[in-house]
Amino acid sequence: MRFSRMLIPTLRDAPKDAGLISHKLLIRAGFIRPLAAGIYTLLPLGQKVRLKIEKIIREEMDAIGGQEISLPVGVATPHEEAVTDLVRREIRSYRQVPLVLYQIQTKFRDEPRPRGGLIRVREFTMKDAYSFHSSEDDLDAFYPKIRQAYEKIFRRCGLEPVIVQGDPGLIGGKDSHEFMLLSDAGEDQVALCEQCRYAANREIAQIFKASVNPTEPMLPLEEVATPGCESIQALAEFLKITPERTAKAVFSIADERDFVFALIRGDLEVSETKLANTVGARTLRPATGAEIRSIGAVPGYASPVGLSRQSAVKIVVDDSIVHERNLVSGANKEGFHLRNVNYGRDFIADVVADIALVREGDPCPNCQSPLILKNAIELGHIFKLGTRYSEAMGAKILTQDASEKLLVMGCYGIGIERLMAAVVEAHHDEQGIIWPEEIAPFHIALLVLNTDRTEQTELAEKLYALLRVAGLEVLYDDRSESAGVKFNDADLIGVPYRIVIGSRSITNKTIELKRRRDGAKRELSYAQGLEALVHTLKAERGW
RNA sequence: CGGAGAGUAGCGCAGCGGUAGCGCGCACGGUUUGGGACCGUGAGGUCGCCGGUUCAAAUCCGGCCUCUCCGACCA
């Protein structure tokens with residue numbers, strides 16, 4: 001393409017409301033334009049990159065037997081249901097599975113809070129894929145394939161995400177992995193163990209919980225006055241004990257219906273995600289003081305001890321509590337706590353579960369080394385759905401022995417524009433974007449510096465034509481701008497290679513080839529003819 | 001949805017009661033052209049919207065809208 005004919009509105013200054021580097025650069029370099037909060041127009045350059053990413057995804061999905069389809073854009077129907085419905089109608093026999101269907105389609109999400117340019121938007125392109133299997137074993141066998149396909153997709157886009165255990169959510173499959181690109185621009189957090197490579201989304205990461213005093217004999221309950229001790233910290237200081245010796249109560253309302261009373265060791269925090277998954281809640285919000293009092297508890301002085309059991313109150317106890325002895329917990333009386341509270345003797349839970357939120361430095365569940373927390377961008381998510389949808393919708397097949405069996409499903413997603421933004425986050429410098437070759441909008445930027453010198457423009461035109469014939473995508477900067485403008489735009493846009501034709505090219509019979517990634521330069525002679533030069537160039541690509 | 005900030009030319013900003021400004025960009029002419037050149041001329045704005053106060057509002061007051069950032073969801 002001729003730069004002069006292409007819509008590439010580069011900007012010197014980034015709009016002030018752009019925060020992230022990827023956001024600034026994609027706008028400045030003329031890839032995207034904001035239309036409304038979380039709604040972006042992809043300009044020609046942005047569209048080119050998106051199509052290249054989609055091409056990679058198609059190739060890798062097809063390589064593992066995926067078949068592209070296009071599901072109708074249901075108003076309220078999740079695509080899990082639409083695709084399960086399709087398969088329920090069309091698939092009868094175990095001989096027809098495994099079946100892998102995918103689509104690349106625009107998604108609309110009424111995001112309460114779009115942010116970070118393309119990282120989180122209201123409208124975006126998603127590749128969603130679904131696999132159908134005759135058994136758990138077959139899904140288990142397929143799962144590594146999709147995982148590898150994802151690794152390839154991201155690697156071809158120039159990214160090396162960390163694969164972490166993901167939140168299986170309410171859908172509650174047994175395996176779930178997220179492809180996380182470590183980046184400060186990310187809004188997720190992952191917990192990583194550098195020793196044993198344990199990696200999980202922070203929300204569901206486990207920690208090794210050593211009991212502080214599991215062998216201490218149970219002592220009798222004892223009420224103690226603790227005026228003004230409404231926080232664990234205040235309580236621990238007042239009683240001169242460590243927070244590990246206390247039990248903390250956290251109150252939530254699940255799905256605006258059930259009261260959830262969570263109890264965890266005083267030094268730990270509750271993971272809302274874990275808690276929600278434990279009680280099977282779609283939404284969870286903190287309870288108000290009035291709601292807490294309504295079940296007979298006192299904010300700041302609450303415990304399950306002596307609480308009259310109500311069916312609407314679900315008591316969830318973290319496993320950290322179960323193994324401890326003689327904790328201090330609330331007396332459900334303003335200004336009083338109880339010493340020597342013991343699980344089993346003084347109270348029991350409806351559910352005992354791990355609901356702790358990992359913190360930096362907590363011991364790894366596998367090797368007990370300190371975990372580190374990092375911000376990350378979630379590029380993709382794969383998980384085993386199991387039979388949740390096939391059961392709900394009656395998607396069955398006949399097995400070899402003519403019995404009916406529920407299909408076992410997996411589902412797998414990638415957000416395309418977010419991936420594009422993540423690539424920019426990972427690959428840029430002060431000058432602009434540095435696209436990995438496979439998804440760059442162009443292979444080569446061809447710059448002619450003095451457009452009023454016919455020797456130069458003629459040379460450039462010839463080279464432009466030959467490069468295209470050779471199958472290269474060329475952005476030919478034929479504008480009569482000053483050299484600096486052209487250099488800066490080429491760098492900003494992030495084309496992997498740059499050819500410069502200037503006065504030197506005429507006198508020395510050479511052109512300059514520069515690699516964007518590291519600035520490596522070469523002077524290539526065309527004394528043997530331009531065709532030979534183009535041949536060399538192709539050979540030199542990736543030198 | 002809760003909290004904080006911001007809306008003035010395409011982008012970045014100034015002006016904060018008296019008829020709308022600057023830089024960049026854009027158009028035209030000329031000189032330039034190896035890292036965002038220079039001179040001259042010019043186009044471009046219902047100052048987010050609605051109402052109020054005032055002789056007079058971009059400016060003061062009220063309401064609304066939009067956007068950005070920080071907290072609860074997700075690719």
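The figures that follow rest on heavy atoms only: side chains count, while hydrogens, waters and symmetry mates do not. Each chain gets a letter, A, B and so on, in the order the sequences are listed, and its residues count up from 1.
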In the strands shown, is B:rG21 matched to any nucleotide by a Watson-Crick or G-U wobble pair with both distances under 3.5 Å, and which?
-> B:rC13
Could you note down all residue pairs passing ring pair (Phe, Tyr, Trp, His ring centres under 6.0 Å) where residues 104-125 of chain A supplies at least one of them, sequence neighbours left out?
-> none
Taking atom P in both B:rA58 and B:rC47, what distance in whole Å separates the two?
-> 7 Å
note: A:Leu25, atom CG; B:rC11, atom P; distance rounded to Å ~ 18 Å
Take atom C1' in B:rA9 and the same atom in B:rG48, then report the distance between them in whole Å.
-> 15 Å
Starting at the 5' end of nucleotides 33-46 of chain B, put B wherever the base has a protein heavy atom under 4.0 Å, S where only the sugar-phosphate does, and a dash everywhere else.
-> BBBBS---------
Send over the distance from A:Asp13 CG to B:rC26 P, rounded to a whole Å.
-> 13 Å
Less than 6.0 Å separating the ring centroids of A:His177 and A:Tyr143?
-> yes
If we take the P atom in both B:rA43 and B:rU59, what is their distance in whole Å?
-> 27 Å
For B:rU68, the Watson-Crick or wobble counterpart (both distances under 3.5 Å) | B:rA4
Letter per nucleotide, 5' to 3', of nucleotides 64-75 of chain B [B base touched, S only sugar-phosphate touched, - untouched; heavy atoms, 4.0 Å] = ---SSBBBBBBB
Which heavy atom in A:Ile444 sits nearest to a heavy atom in A:Leu467, and how many Å separate them?
-> CD1-CD2, 4.4 Å
Mate of B:rU33 across any strand shown (Watson-Crick or G-U wobble, both atom pairs under 3.5 Å) is none
Mate of B:rA27 across any strand shown (Watson-Crick or G-U wobble, both atom pairs under 3.5 Å) is B:rU41
Under a 3.5 Å limit for both distances, which nucleotide forms a Watson-Crick or G-U wobble pair with B:rA56, could you say?
-> none
With A:Val270 via side chain to side chain contact (heavy atoms under 4.5 Å, CB included) - residues at least two apart = A:Val250, A:Ile264, A:Leu275, A:Ile355
Base partner of B:rG51, which must satisfy Watson-Crick or wobble distances under 3.5 Å | B:rC61
Residues in ring-ring contact (aromatic ring centres under 6.0 Å, His included) contact with A:Phe261, at least two apart in sequence or another chain | A:Phe251
Could you list the donor-acceptor pairs under 3.5 angstrom formed by side chains in residues 32-41 of chain A, with sequence neighbours left out?
from    : atom 1 : to      : atom 2 : distance (Å)
A:Arg33 : NH1    : A:Ile27 : O      : 2.8
A:Arg33 : NH2    : A:Pro9  : O      : 2.6
A:Tyr40 : OH     : A:His23 : NE2    : 2.9

Go ahead and name the base partner of B:rU46; Watson-Crick or wobble counts if both distances stay under 3.5 Å, otherwise write none.
-> none
Residues at least two apart in sequence or cross-chain that pass side chain to side chain contact (heavy atoms under 4.5 Å, CB included) with A:Asp362, listed by chain then number, are A:Ile207, A:Val358, A:Arg359
Taking atom P in both B:rA57 and B:rG51, compute the distance separating them and give it to the nearest angstrom.
-> 13 Å
Who pairs with A:Asn508 by side chain to side chain contact (heavy atoms under 4.5 Å, CB included), at least two apart in sequence or on another chain?
-> A:Arg504, A:Thr510
Considering residues at least two apart in sequence or located in another chain, which fulfil the side chain to side chain contact (heavy atoms under 4.5 Å, CB included) criterion with A:Lys24?
-> A:Ala14, A:Ala18
